[in-house]
Amino acid sequence: MSDAKLRCQWTGMAPRALRELVDRFGSHEQVVEAIVRGRTRHSAETRAAVRVPAEVRREELTRAGVRWIPDTDPEFPRRLTDRPDRPPGLFLVGELATGSTFAVVGTRTTSAYGRRLAEAYGAAIAGEGWSTVSGLARGVDGAAHRGTVRAGGHGCAVLGSGVNVLYPAEHRALGNQLVKTGGAIVSEYPLGAEPRPWRFPPRNRIISGMADAVIVVEADVKGGALITASLALDQGVPVFATPGDVTRRTSRGCNLLVRDGAFPALDPEELIEDLRLLVGAPAKRGATAVYEGVHRWLVEALVHAHPGTIDNLVAESGRPIGEVVAAVGELVVAGVLRVDGDIYGTNPNSGAGK
Amino acid sequence: MFAAVTSVALVGVEPRPVRIEVHIAGKKPGVAIVGLPDAAVREARERVSAAIVASGFEFPQRRVVINLSPADLPKAGSAYDLPIALGVLAASRQIAVGLADVVALGELGLDGALRSVTGGLGAAVVGRSMKRLCILPEASGPEAAVITDTPIALAASLAEAIQAARGVDVRTPMPAAVAEPTSRADFSDIRGHALAKRALEVAAAGGHHVLLSGPPGAGKTMLARAVPSILPMLDREAALDVALGWAAVGRHRIDMLVPPFRAPHHSATMAALIGGGSGIPVAGEVTLANHGVLFLDELGEFPVHLLDGLRQPIEDGSVVVARKGASVEFPSRFQLIGATNPCPCGFRDDRTTACVCSATSIERYRRRLSGPLVDRFDVRVVVDRVPADDLVGGRAESSAAVRIRVVAAVELQRLRGQLNRDLHRRDLDDQPWDTGATALLRKAVSTSALTARGWDRVRRLARTVADLAGSATINKGHVAEALVLRGVRQ
């Protein structure tokens with residue numbers, strides 16, 4: 001079964017189109033059969049690609065040091081499996097992270113401010129033993145990967161080309177470095193697939209699907225980073241955004257995200273505290289030790305109802321009112337939340353008030 | 001010739017026995033009533049003599065002295081007609097009845113009919129304590145039936161009253177209905193408002209006073225009115241207390257086991273709210289709300305002196321009203337629920353409607369509410385208008401379900417000896433706080449989220465939250481919830 005899946009994926013056809021074919025013909029095997037027999041309207045190129053037996057493909061992968069994991073594999077990112085447009089499998093060099101993973105994304109035409117922060121975030125995330133996932137692109141992506149590599153942490157790059165086609169060229173060394181330090185390079189496109197503009201937007205769903213939270217460092221109102229952020233919200237993944245100058249073009253997207261309720265990502269230490277809270281890790285700072293044990297459900301509810309009343313949080317989280325009230329109380333005392341009237345929101349001065 | 005009958009006078013809400021003595025001597029016809037009677041009592045002589053004649057007896061044409069004892073207790077109203085008439089008939093040897101064994105109360109008509117008066121319940125209480133038969137007008141039956149363990153006879157006329165005193169044709173009142181009330185505000189009728197309902201549940205469980213603030217139309221009144229439905233039913237003793245308080249102002253409650261709910265308007269006078277009036281003080285709203293809920297809507301509209309006047313009843317559970325000649329103590333153990341707008345127009349915290357108040361008017365409004373009374377509110381929550389989306393949908397949890405939890409929590413407090421509302425600092429220190437709870441309290445104080453004054457109040461609330469959870473020890477979660485319900489700020 002997974003053989004047919006691999007053969008289908010190697011044609012490079014869109015997951016949605018493949019899904020429709022599976023619905024029509026019944027299974028991946030029958031889809032392969034149908035394409036080979038010319039019962040579908042596919043190009044000769046596609047027909048040729050799908051004819052190649054799975055064993056040959058697997059040999060090719062082994063030679064290149066690449067693994068292929070189908071969407072039924074336990075290693076396959078959990079959040080992606082719920083999406084109808086998930087790829088049938090992922091091509092993978094190196095090892096995926098087993099612990100918490102955070103996406104650091106942003107524009108390619110970044111300012112020094114964005115690059116510095118992205119690198120610092122990457123390093124700080126690595127310092128906690130967590131993994132950073134990004135897209136190996138110029139700008140924020142590259143800076144985040146660099147931070148990971150410098151701190152010797154686990155990083156993962158999701159590409160819009162085959163895993164053996166590292167793009168852009170100046171990040172080829174960086175990509176290899178990621179694998180060398182225990183990280184991974186991932187793609188849904190077959191070996192040798194060239195970087196094409198239409199291949200980049202879809203890979204964002206894989207980035208957000210692998211992450212426990214998405215951190216947008218610098219972004220204009222249009223661009224991959226905001227696509228990733230909105231995909232994240234669809235998937236129930238919390239979004240952080242670094243506020244920036246109101247007049248700077250590359251901060252507009254982030255500022256809008258903050259306005260719409262994203263968590264503000266401040267300096268790396270603050271970010272780490274918030275992420276600790278998110279994954280339910282014990283807080284490091286003594287003063288905030290009280291939010292030990294308060295779990296990510298509240299933070300997730302806050303993502304949707306932010307800022308919101310306790311009634312909103314009850315509705316979002318589905319938790320009993322007593323539990324919500326108690327959790328909110330702890331976070332207010334800890335300075336993570338603040339209250340205005342009956343509206344609770346994250347405290348932008350979080351930690352500064354200790 | 002001499003006879004004596006027992007009747008009853010109300011001092012505040014407390015019924016006290018009054019002994020009515022009739023002495024007939026001397027040849028010169030005339031009637032004298034002594035012993036601090038008011039005008040209505042003095043007029044009794046005309047009604048009594050007419051009623052006696054109408055009932056087929058004679059009014060003695062001799063000197064009749066009627067003494068109401070104790071002589072220093074002011075007596076008012078027409079309720080002594082019946083005992084006076086019985087006394088006159090016995091003293092003139094027209095009836096041979098053991099009047100030493102009855103307590104009688106009622107107004108007589110000129111035709112001998114027995115009419116209703118206030119104090120029927122008080123007479124039953126006195127009859128019970130003195131182990132005597134209580135003879136009352138028929139209309140007093142339902143009121144007196146709160147007392148089930150003493151004999152009560154109802155009479156429609158003087159003649160029937162005499163029969164009853166003889167032990168013939170005794171009609172007894174129907175026992176009072178104790179069925180659960182049906183048409184009453186219920187939590188299940190209230191959509192949304194998760195936080196406010198939780199706050200009221202905690203408040204009900206510990207007897208804490210609650211301040212609800214929010215824009216007009218948010219549902220503050222509706223929420224407050226539903227509170228009696230989650231309070232434990234009154235036990236017999238409390239129900240009697242409440243009935244006595246109501247009887248003192250001539251009123252009778254039908255659902256007598258349901259805690260009372262009183263919502264005086266902000267135009268009420270001090271006498272109406274606290275008790276008072278000229279002459280013998282009359283019970284006020286705080287006494288009618290005894291063992292129940294006193295709801296003050298538009299708290300900011302109440303005059304400051306009224307709010308200050310509530311301090312004693314809240315602190316002491318009773319209020320002493322002194323007037324010339326009489327100082328009376330009224331019970332007033334109620335749960336106070338205040339509702340207020342956040343500003344004069346009400347929309348300061350609202351998310352959809354803009355506030356039109358000036359900064360100075362808001363400030364003036366707040367200052368009014370920052371007095372010592374507002375400090376008595378252990379629970380303070382903001383009630384928002386419920387979005388239209390939340391108004392449709394399934395029914396919420398019923399009051400009966402909430403009440404089960406509240407009753408369990410109250411029972412725990414009963415075992416400890418007092419309501420959490422009344423816990424003192426020392427009692428609070430002795431509670432089993434776990435380390436997380438102590439740490440969170442300290443942290444709250446150190447970040448000035450909690451003032452020293454709020455310290456004990458949050459601890460009381462935390463005790464109640466723990467009681468609701470059925471937990472002996474108080475943990476961090478209980479304290480955290482108490483902090484939010486108290487209205488903690490960062």
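Naming: A, B, ... by sequence-line order, numbering from 1 per chain.
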Problem - Sequence-distant partners of D220(A), salt bridge (Lys or Arg N to Asp or Glu O under 4.0 Å), two or more places apart - result: R249(A), R252(A)
Problem - L440(B) side chain near E330(A) side chain, heavy-atom distance below 4.5 Å - result: yes
Fill in the blank from the handout: With sequence neighbours left out, the residues meeting side chain to side chain contact (heavy atoms under 4.5 Å, CB included) with A326(A) are A480(B), E481(B)
Over all atoms of both residues, closest heavy-atom pair of [X] and [Y]:
X       : Y       : result
L483(B) : V333(A) : CD1-CG2, 3.4 Å
L195(B) : D311(A) : N-OD1, 2.7 Å
I310(A) : V484(B) : CD1-CG1, 3.5 Å

Problem - More than 12 heavy atoms from other groups under 6.0 Å of CZ on R442(B) - result: no
Practice task
Between chain A and each of A194(B), A196(B), A482(B), G477(B), count heavy-atom pairs under 4.5 Å; write down the option with the most.
Solution key: A194(B)
